[in-house]
Amino acid sequence: MIVYEKEDSFILIAQHDHARISGDLVSAWQGELFHSAERRDELACAAYEHDSSWIELDRIPLWNDAANAPFSFRDFPGNIRFTFYSKGLDRVQETNEYAALLGSILYTTLAERFRNEDTIPFVEREFSRQSSIIEQLGLDVKLLQLHAKALLLCDELSLFVCMEQPGTPRQNYEWFAKGFPYWFDRSGQTSLLADWKGPNIIELDPFPFSKAVDTSLWYKEVSKASITKSGVAAAYQDEETREHKLRFQPKREE
């Protein structure tokens, strides 16, 4: 679950709904930024399915007494989370090994950033999965690296629109104030900048997609009063899912 707090409520976004945004972005990626059109459908599948391991975990939110807020992906207990990550990747691998490989690379990249006693055994298991799939499929490692970087960027762009209230100035983001690592621009630019232009438009510089990307953020807003009265699980179930329409577009010249 992705969670942020407002004065009288919490916004809760299921991880699989966040993944849909990253899938929509990956699907619009400029083909010329890769040296091959090979495995593009599998890359899109990886983006749409990379957080399917969270589907069961997100059905009923859990309350974090220490934070006085619902557990989010940032503080969810690692021993449970990583078990579900592995099970989710197992399911994806049954139908699409390349998508499972990309999802595994995404997870281990993120786990390595926050290394602790929970991440080490998970990362070791996933490195074994990755080596096995790469050997079995006889992959073009250069293309795999580009796909993994594109997936990671689109995952983080989706987090950008999910982790704070739409319209939040970039400098107010803990993770993204200085932009996103970017490997594709032939001019040598190494960071991509994302900025809100109103509550529905995100401008990107540079713009790695073939056209403006229209997508939707699905979420629930759960009041603190309802949580106090009924508990977070019941309060969440009672709320309707809402849609917030979004568009990613190139930065316009001032």
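The first residue of the sequence shown is numbered 1, and numbering continues consecutively from there.
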Is it the case that [X] and [Y] place a side-chain donor and acceptor less than 3.5 Å from each other?
X	Y	answer
Y107	H50	no
Q93	S104	no
S22	Y48	no
H16	D58	no

If you measure from [atom1] on [X] to [atom2] on [Y], what distance do you get to the nearest 0.5 Å?
X	Y	atom1	atom2	result
F73	I13	CZ	CD1	10.0 Å
T190	Y182	OG1	OH	11.5 Å
D75	R81	CG	CZ	8.0 Å
Q171	D195	CD	CG	8.0 Å
L157	F180	CG	CZ	4.5 Å
E221	H244	CD	NE2	12.0 Å

Do the side chains of [Y] and [X] get nearer than 4.5 Å, heavy atoms only?
X	Y	value
R129	D90	yes
F248	V161	yes
R242	K220	no
L102	L144	yes
N172	E164	no
L57	L62	no
P166	N200	no
L192	P206	yes

Among R39, E38, H147, exactly one meets side-chain hydrogen bond (donor to acceptor under 3.5 Å, both in side chains) together with Y98. Which residue is that?
H147
Test applied, side-chain hydrogen bond (donor to acceptor under 3.5 Å, both in side chains); reference residue, T108; option that passes from Q130, R125, E124
Q130
Hey, quick one: are [X] and [Y] part of the same hydrophobic cluster, counting side-chain heavy atoms closer than 4.5 Å, chains of contacts allowed?
X	Y	result
I134	V92	no
I2	F176	yes
L43	I21	yes
L146	L25	yes
V123	I120	no

Applying side-chain contact (heavy atoms from CB on, under 4.5 Å), run through Q249 and I201 and close with a yes or a no.
CA-CA 7 Å; Q249 66 185 32; I201 304 294; 3.4 Å; yes
Using atom types as modelled and distance alone, determine if a side-chain donor or acceptor of [X] lies under 3.5 Å from a backbone N or O of [Y].
X	Y	answer
S132	S128	no
S226	V222	no
R170	G179	no
T168	Q165	yes
S86	T83	no
D140	L143	yes

What's the verdict on ring pair (Phe, Tyr, Trp, His ring centres under 6.0 Å) for F76 and W54, showing C-alpha distance, side-chain angles and the deciding distance?
CA-CA 11 Å; F76 201 93; W54 279 94; 5.5 Å; yes
On a heavy-atom basis, which atom in [X] and which in [Y] lie closest, and how many Å separate them?
X	Y	answer
V26	L151	CG2-CA, 4.5 Å
C162	H18	SG-CB, 4.0 Å
F71	M1	O-CB, 4.0 Å
S230	A235	CB-N, 4.4 Å
A148	I105	CB-CG2, 3.9 Å
P181	L153	O-CD1, 4.1 Å

My understanding is that only residues two or more places apart in sequence, or in another chain, count here; which of them pass ring-ring contact (aromatic ring centres under 6.0 Å, His included) with F122?
F82, Y85
Test log, rule ring pair (Phe, Tyr, Trp, His ring centres under 6.0 Å), inputs Y4 and F10
CA-CA 6 Å; Y4 67 83; F10 291 99; 9.6 Å; no
With the threshold set at 4.0 Å, does a side-chain nitrogen-carboxylate oxygen contact exist between [X] and [Y]?
X	Y	result
E7	K224	no
R91	E94	no
R74	E174	yes

For residues 208-217, which side-chain N or O atoms pair as donor and acceptor with protein atoms under 3.5 Å away, sequence neighbours left out?
from	atom 1	to	atom 2	distance (Å)
S210	OG	A28	O	3.1
D214	OD1	R247	NE	2.6
D214	OD1	R247	NH2	3.3
D214	OD2	R247	NH2	2.8
T215	OG1	D24	OD2	2.7
S216	OG	E243	OE2	2.5

Count the heavy atoms belonging to other residues, nucleotides or ligands that lie under 6.0 Å from CG of L137, then report whether that count exceeds 12.
yes
Whether K251 engages the ring of F207 as a cation-pi pair (distance to the six-membered ring centre under 6.0 angstrom, angle to the ring normal within 45°) should be assessed.
no
